[in-house]
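Note that the structure is a prediction, hence the values are computed from the model and not measured.
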Amino acid sequence: MAGLQPVKGTYDLLPKERALHRHVSETARSICERYGFNEVITPIFEFSEVFSRTLGETSDVVTKEMFSFVTKGDDQITLRPEGTAGICRSFISNGLQQETPVKHFYYGPMFRYERPQKGRQRQFHQVGIELIGVDSPQADIEVVAAGYHFLKELGFADVVTLELNSLGDSESRNAYREKLVAYLSPFEDRLSEDSKKRLVTNPLRILDSKDEGDREIVKDAPLLGECLNETSQAFYDEVKRGLDMLGVPYVENPRLVRGLDYYCHTAFEFTTNTLGAQGTVLAGGRYDGLIKMMGGPQVPGVGWASGVERLALMLGEDKVKLPRPIMVIPAANDHQDEAFLVANRLRQEGYIVEQGYSGNFKKRLNKANKLNAFVAIIVGMSECNEGEVMFRDLNTGDQVQVSVDGLPALIERAKG
RNA sequence: GCGAUUGUAGCUCAGUUGGUUAGAGCACCGGUUUGUGGUACCGGGGGUCGUGGGUUCAAGUCCCAUCAGUCGCCCCA
């Protein structure tokens, strides 16, 4: 036990920051619902194969970032590093091919064993959507549009760039892979250590290497676009036409490659330069072979995931305010019970009500300010009749006597 | 896994070439004559100076190690 501190890369979300996160995830949920995606929750851990088989045995996520453990029953378990694999497992487990198209929205914690830094922690949160069972570009267009709409709703339309590419179908990708390896092999000695390995395991990933030397070599490499067969090219063109039609701005990035193995055709990434080293804020693509690869039926899918922490960082702390309460204050300590009853009554009516727990009148009003209360209700003033209380608007300082029954009307007016 | 940088109160920090019982602001709690707020004044709690060694008559200050945070590389949301 490493003392009273959170485990590396984890942290506590206190009310203020949690409100910010909730704003992000609720915005996502509400926008995605407009596109017909409804929320599901899948377990935060799965059998390890769910991830290791699907994400690619050589991917970084699988080789060094999985949080795994063995249960008492000798099951190999992994805390989910991303959402898609679990959704697809759930699709198969629940026999949802009967109900396609399936449109799921999700929100929840993800886990990756990485060095924490700005916009990156070991337990973080993602929102995401998956559209399963539609093989036409309509699905890709709708999914990307929903992502754009979500970011726009948060106010990021101008600080975010949609980068788009097509990885083509497997025929196109295999053809390209050969061509790329043929081009790169003569330069093998000059490639970075990582890229030398990638030449064998996953040459496409060399394309977006940030190593200076690699970039120099890759600059003149053949592009994936040149190898797209007719179907793949037509698919890509249709996606672009749809985005143009809906007014979703994008730039093509022929070197964009997704880190996970299951993607094909559409690959996209919304990036920003406002977050330091972590530029990607929402990313996804099409994964037609994934469900079959997991042992399910041949059903296509497309989706994205977005990092809640990163978006919350972009929003800034003061963007979301906690709700303002009503403060009920006893004029003197022997009116404590009466005050409690008034508070109780207002809570039944649906209002957010706080009580000061100690201190004299003055202290409690002070407390009301600290809680950002907009109304104080003072119980037990000598000038009040039976069943009456003092209503004080804390914005204006105006104060009137009123029956308890008359409170809601005054509260509504004070809300402004 | 690698690199850079930081570590004194809940938070932001001060602490002089090593020298008594380690300070400030903010925050928190209480008070300033019976019952009216964001101010002002008074008082209070809270720190084994990240941890462990070492040098020294003397270490928050110097040396070593270790742990943790932050940022970056790799990779990703």
Side-chain angles (χ1 to χ4, degrees), chain A residues 2-9 11 14 24 28 55-56 58-65 81-84 107-128 147 151 192-195 197-198 202 205 208-212 214 257-260 269-272 275-284 303-314 327 329-335 356-384 390 392-399:
Chain A
L4 294 176
Q5 50 193 10
V7 175
K8 186 196 280 290
Y11 60 99
L14 300 179
V24 171
L55 304 184
T58 62
S59 70
D60 277 47
V61 170
V62 170
T63 53
K64 55 181 201 189
E65 294 174 6
E82 56 100 47
T84 303
Y107 161 71
M110 304 293 164
F111 306 83
R112 290 185 197 176
Y113 194 86
E114 302 183 274
R115 284 296 284 274
Q117 52 188 278
K118 186 173 187 179
R120 161 184 294 175
Q121 31 282 129
R122 288 184 174 181
Q123 176 176 346
F124 61 106
H125 297 79
Q126 287 186 336
V127 292
L151 295 175
S192 67
E193 285 309 309
D194 285 332
S195 288
K197 286 181 210 148
R198 293 187 190 124
N202 195 342
R205 299 239 309 284
D208 57 9
S209 168
K210 282 174 191 155
D211 181 90
E212 284 294 329
D214 288 354
V257 180
R258 312 278 25 254
L260 309 178
E269 216 166 89
F270 285 87
T271 58
T272 176
L275 282 180
Q278 274 64 240
T280 306
V281 120
L282 185 153
W304 52 252
S306 179
V308 174
E309 277 77 1
R310 290 182 184 180
L311 294 173
L313 261 172
M314 287 175 73
M327 186 73 151
I329 302 175
N333 275 336
D334 51 335
H335 297 294
Y357 299 99
S358 66
N360 59 27
F361 199 174
K362 192 168 184 168
K363 292 290 178 196
R364 296 204 192 197
L365 270 173
N366 228 309
K367 189 79 177 169
N369 290 324
K370 276 165 195 156
L371 292 170
N372 196 26
F374 68 109
V375 158
I377 290 162
I378 303 140
V379 179
M381 306 279 276
S382 56
E383 60 267 45
C384 287
M390 193 64 87
R392 187 178 178 84
D393 184 320
L394 292 175
N395 291 322
T396 64
D398 297 338
Q399 183 166 296

Roughly how far apart are A:Gln121 CD and A:Glu309 CD, rounded to 0.5 Å? 4.5 Å
Measure CG/A:Asn360 against P/B:G30 and give the value in whole Å, please. 9 Å
Nearest heavy-atom neighbours spanning A:Leu313 and A:Leu275: CB-CD2, 3.8 Å
Using the P atom in both, what is the distance from B:C41 to B:U51, to the nearest Å? 35 Å
Phosphate oxygens OP1/OP2 of B:A77: is one of them under 4.0 Å from a side-chain N or O of A:Gln126? no
In whole Å, what separates the C1' atom of B:A59 from that of B:G43? 34 Å
Atom-to-atom span, CZ of A:Phe361 to C1' of B:G37 - whole angstrom: 9 Å
Rounded to whole Å, please give me the gap between CZ in A:Arg115 and C1' in B:A4. 11 Å
Gap in Å between the two C1' atoms, one belonging to B:A9 and one to B:U56, rounded: 29 Å
In whole angstroms, the gap separating C1' of B:C71 from CG of A:Leu275 amounts to 14 Å
From A:Ile378 CD1 over to A:Arg392 CZ, what is the distance, rounded to the nearest 0.5 angstrom? 6.0 Å
Dump the intermediate steps for side-chain contact (heavy atoms from CB on, under 4.5 Å) on A:Val379 and A:Ile329, then the final yes or no. CA-CA 6 Å; A:Val379 179; A:Ile329 302 175; over 6 Å; no
Base, sugar-phosphate or nothing for A:Arg392? Non-hydrogen atoms, less than 4.0 Å. base
What is the minimum heavy-atom distance between A:Ser306 and A:Leu311, and which atoms define it? OG-CD1, 3.3 Å
When the P atoms of B:C42 and B:U55 are compared, how many Å lie between them, rounded to an integer? 47 Å
In this structure, how many angstroms lie between the C1' atom of B:G35 and the NE2 atom of A:His335, rounded? 9 Å
Please determine if a side-chain N or O atom of A:Lys363 lies less than 4.0 Å away from the OP1 or OP2 oxygen of B:G31. no
Describe the nucleic acid contact of A:Ala368 in one word from base, sugar-phosphate, nothing, applying a heavy-atom distance below 4.0 Å. nothing
Taking atom C1' in both B:G19 and B:A58, compute the distance separating them and give it to the nearest angstrom. 7 Å
For atom P, what is the distance between B:U16 and B:C74, given to the nearest Å? 40 Å
For A:Gly397, which contact category applies under a 4.0 Å heavy-atom criterion: base, sugar-phosphate, or nothing? base
Taking the P atom of each, how far is B:A14 from B:G31, in whole Å? 35 Å
Just verifying a value: how many Å separate A:Leu365 CG and A:Lys370 NZ, rounded to the nearest 0.5 Å? 11.5 Å
Using a 3.5 Å distance criterion without hydrogens, assess whether the side chain of A:Arg310 forms a donor-acceptor pair with backbone atoms of A:Thr280. yes
Select one nucleotide: of B:C29, B:A77, B:U36, the one nearest the side-chain heavy atoms of A:Lys367. B:C29
A:Asn366 side chain: which of B:A77, B:G37, B:G35 is closest? B:G37
For A:Asp393 and B:U36, what is the distance between atoms CG and C1' respectively, to the nearest whole Å? 14 Å
Base, sugar-phosphate or nothing for A:Leu282? Non-hydrogen atoms, less than 4.0 Å. sugar-phosphate
Could you spell out the base pairing of RNA chain B as a dot-bracket line? Use Watson-Crick and G-U wobble contacts where both distances are under 3.5 Å, [ ] for crossing pairs, | for partners on a different strand. (((((((..((((.....[...)))).(((((.......))))).....(((((..]....))))))))))))....
Around atom OH of A:Tyr113, are there more than 12 heavy atoms of other residues, nucleotides or ligands at under 6.0 Å? no
Over all strands shown, is A:Gly380 touching base, sugar-phosphate only, or nothing at heavy-atom distances under 4.0 angstrom? nothing
Report which part of the nucleic acid A:Glu114 touches: base, sugar-phosphate, or nothing (heavy-atom distance under 4.0 Å, all strands). base
Looking at A:Asn369 and B:G37, is any side-chain donor or acceptor paired with a base atom of the opposite kind under 3.5 Å? yes
Using a 4.0 Å heavy-atom cut-off across all strands, classify A:Glu82 as base, sugar-phosphate, or nothing. nothing
Would you say A:Lys8 places a side-chain N or O within less than 4.0 Å of OP1 or OP2 belonging to B:G69? yes
Let me confirm one number: the NZ-OH distance from A:Lys367 to A:Tyr357, rounded to the nearest 0.5 Å. 9.0 Å
Any carboxylate oxygen within less than 4.0 angstrom of a Lys/Arg side-chain nitrogen, looking at A:Arg122 and A:Glu114? no
Once you round it to whole Å, what is the distance between P of B:C71 and NZ of A:Lys118? 7 Å
Of A:Arg310 and A:Val7, whose nearest nucleotide on RNA chain B comes first from the 5' end? A:Val7
Report the distance from atom CD of A:Gln117 to atom P of B:C74, rounded to the nearest whole Å. 10 Å
If I pick the C1' atom on B:A24 and the same atom on B:G15, what distance separates them, to the nearest angstrom? 11 Å
Assign each of A:Ala331 and A:Ala283 the nucleotide of RNA chain B bearing its closest heavy atom; nearer the 5' end lies the nucleotide of A:Ala331
